*Asks:* 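First, the structure itself, so that you have it in front of you.
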Amino acid sequence: QVQLVESGGGLVQAGGSLRLSCVASGRTFSGYVMGWFRQAPGKEREFVTAVSRSGSSTYYADSVKGRFTISRDNAKNTVYVQMNSLKTEDTAAYFCAAGAGVGLLLSTAQYNYWGQGTQVTVSS
């Protein structure tokens, strides 16, 4: 089992920045691909970004490319996403997830463990 706890969400004005953190406990953190997803009210959960086990490879949804940066610190069992130039359409609950599969995992079905989420609200 892996337990994931997100933090760092909040209310920010458009153009602002937030950094989300996700701390993992349980099984070996470095053995998992880590991803961030988001879900807005009435919409499906969507992929945002993912980072490989070593942190050397990352992938981003087109909607956040150039604005968000994912990173991980395996010594601290933590994955981060730095979100800059936030837009109102970034408003959603953000979830981190851990996946045991091969390669960068882009769909919800590929992830084994999920956090409870942290709310990000971007005002105009």
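What you see is a predicted model, and the numbers here were worked out from it, not measured in a lab.
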*Asks:* Nearest heavy-atom pair of S123 and T88: which atoms, and what distance?
*Replies:*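 So the minimum-distance heavy-atom pair works out to C-CG2, 4.1 Å.
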*Asks:* So if I apply the side-chain contact (heavy atoms from CB on, under 4.5 Å) rule between V120 and each of L18, T91, L11, which one comes out positive?
*Replies:*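 Going through L18, T91, L11 one by one, the side-chain contact (heavy atoms from CB on, under 4.5 Å) with V120 is satisfied by L18 alone.
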*Asks:* Any side-chain heavy atom of F29 sitting closer than 4.5 Å to one from V2?
*Replies:*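 Answer no - side chains too far apart.
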*Asks:* Quick one: closest heavy-atom pair of Q119 and A92, and the distance?
*Replies:* NE2-O, 3.4 Å
*Asks:* Do E46 and F37 have side chains that get closer than 4.5 Å, going by heavy atoms?
*Replies:*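 E46 vs F37: side chains apart.
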*Asks:* On a heavy-atom basis, which atom in S124 and which in A14 lie closest, and how many Å separate them?
*Replies:*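 Smallest heavy-atom distance, with atoms named: CA-CB, 4.4 Å.
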*Asks:* Any salt bridge between D90 and K87, counting N to O under 4.0 Å?
*Replies:* no
*Asks:* Quick check: do Y111 and Y32 have side-chain heavy atoms less than 4.5 Å from each other?
*Replies:*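 They are not in contact (no side-chain heavy atoms under 4.5 Å apart), so the answer is no.
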*Asks:* Is the shortest side-chain heavy-atom distance between I70 and Y60 below 4.5 Å?
*Replies:*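 Yes; the side chains approach each other to less than 4.5 Å.
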*Asks:* Quick one: does NZ or CZ of R45 land under 6.0 Å from the six-membered ring centre of F95, within 45 degrees of the ring axis?
*Replies:* yes
*Asks:* Test your reading of the model: is there a side-chain donor-acceptor pair from E6 to the backbone of C96, 3.5 Å cut-off?
*Replies:*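 Checked: pair present.
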*Asks:* Out of curiosity, S52 OG to L105 CG, how far, rounded to the nearest 0.5 Å?
*Replies:*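 The OG atom of S52 sits 10.5 Å away from the CG atom of L105.
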*Asks:* Just so I know, are the side chains of M83 and S17 near enough to count as touching, which here means a heavy-atom distance under 4.5 Å?
*Replies:*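 No. Closest side-chain heavy atoms not under 4.5 Å.
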*Asks:* Within a strict 4.5 Å, meaning less than it, do heavy atoms of the V48 and F68 side chains meet?
*Replies:* yes
*Asks:* With clusters defined by side-chain heavy atoms of hydrophobic residues (ILVMFWY) lying less than 4.5 Å apart, directly or transitively, does V23 cluster with Y113?
*Replies:*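 No: no chain of side-chain contacts under 4.5 Å links Y113 to V23.
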*Asks:* Ignoring hydrogens and geometry, is there a side-chain-to-backbone donor-acceptor pair from T69 to Q82 under 3.5 Å?
*Replies:* no
*Asks:* May I ask you to check whether over 12 heavy atoms, not counting those of K65, lie within 6.0 Å of atom NZ?
*Replies:* yes
*Asks:* Main chain of K76, side chain of T78: is a donor-acceptor contact present, judged purely on distance under 3.5 Å?
*Replies:*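 At least one qualifying donor-acceptor pair exists.
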*Asks:* Does the side chain of W36 reach to within under 4.5 Å of the side chain of V79, using non-hydrogen atoms?
*Replies:*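 Yes, side chains in contact.
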*Asks:* Take S54 and S56 through the side-chain hydrogen bond (donor to acceptor under 3.5 Å, both in side chains) test and state the conclusion after the steps.
*Replies:* CA-CA 5 Å; S54 67; S56 61; 2.8 Å; yes
*Asks:* Between A100 and R53, what is the shortest heavy-atom contact and its length?
*Replies:* O-NH2, 3.0 Å
*Asks:* Using a 4.5 Å cut-off on heavy atoms from C-beta on, say whether the side chain of Y80 contacts that of R72.
*Replies:*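 In short, these two side chains do not touch, never coming nearer than 4.5 Å.
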*Asks:* Answer yes or no: are there more than 12 heavy-atom neighbours, outside Q13 itself, under 6.0 Å from its atom CD?
*Replies:*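 Atom CD in Q13 is not packed in, count stays at 12 or less.
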*Asks:* Honestly curious: do F47 and V33 fall in one hydrophobic cluster under the side-chain, below-4.5 Å linking rule?
*Replies:*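 Yes, it is one cluster - the side chains of F47 and V33 are joined through contacts under 4.5 Å.
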*Asks:* In chain order, what residues pass the side-chain contact (heavy atoms from CB on, under 4.5 Å) check against S25, with sequence neighbours excluded?
*Replies:* Q3
*Asks:* Let me confirm one number: the CG-CZ distance from N84 to R19, rounded to the nearest 0.5 Å.
*Replies:* 11.5 Å
*Asks:* Report the distance from atom OG1 of T108 to atom CD of Q39, rounding to the nearest 0.5 Å.
*Replies:*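 T108 atom OG1 to Q39 atom CD measures 9.5 Å (nearest 0.5 Å).
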